[in-house]
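For ligands, and for the atoms within them, numbers begin at 1 and follow the listed sequence.
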Amino acid sequence: MNDDIYDEMVRERGREYFLKNMVKYCVKRGNTLHGTVYGSDKYITKVDLKTKTGICTCPYQYNCKHAYALLESYKSGKYVDGDELFLNFSKLDKLEILKIFESIIEKHNLWDEFITEDKTLLDTAKNMLELTKIEKKNVFTFTSFLRNQFLKNAGNEELLLIIPDVIKYIQERKKLEEILFLIVDELFERGKTDKDTLKKLIELSRKYRELWMVKDNILDYEYFELLEY
Ligand SMILES: [Zn+2]
């Protein structure tokens, strides 16, 4: 076994760590060892069995005593076969797996792994709008989100899609009318290069009387050809 990538001193300390039961667990998954090793803190350590290279969360980071302790644990046969562990999971029924899954997420507070990842700007905007119903000050929060993020980064389609939602809350929150102006203005700015989006906006304005400003904008921008649309 090619251990020379670890200094002698590190190997000695690592061995000592292993003998003093500082390795909380060692799991072999494919060609990788995964483990938690105690030291002045609790460190998460990974060792590639092909190269013996270790990565660790300790200040040393690479090929440290914790990684070596993990290797020692493996060499002494003190490890869990991770592949077998997963194989056993595959034998469980869906509900049992779901229960395990739930308890892991709850225990380790892993919600954001499942929530923020693919939340779109539109979803965020819709959620924030929903909050304006609860408290008036949320209208200001939404307005600044709209100005600083949404108007800049949302696609044309997203801008169009948020309109019916804004209209839905206007009755309760008059202030949202300003927001409608902002969105319509932005669409008209973009309309300089994309008339199809404007046509869709005009279609929307036939459906919602709150979009009366669309017609004014057509005149202001002198898009007379759209008047007949
Ligand atoms: Zn370490």
Does CZ belonging to Phe181 count more than 12 external heavy atoms closer than 6.0 Å? yes
Tally of protein N/O/S atoms under 2.8 Å from the Zn ion (ligand 1)? 4
Listing request: all ring-ring contact (aromatic ring centres under 6.0 Å, His included) pairs with a residue in residues 42-73, at least two apart in sequence or in separate chains. Tyr6-Tyr68, Tyr17-His66, Tyr43-His66
So, taking the atom named CG in Asn217 and the one named CD in Glu189, what distance separates them when rounded to the nearest 0.5 Å? 9.5 Å
Which residues satisfy the ring-ring contact (aromatic ring centres under 6.0 Å, His included) test with Phe142, sequence neighbours excluded? none
Only residue of Lys107, His108, Glu106, Glu102 satisfying side-chain contact (heavy atoms from CB on, under 4.5 Å) with Ile104 is His108
Identify every side-chain donor-acceptor pair in residues 19-33 under 3.5 Å, counting partners at least two apart or on other chains, and give the distances.
| residue | atom | partner | partner atom | Å |
| --- | --- | --- | --- | --- |
| Tyr25 | OH | Thr36 | OG1 | 3.1 |
| Lys28 | NZ | Gly30 | O | 3.1 |
| Arg29 | NH1 | Asp83 | OD1 | 3.0 |

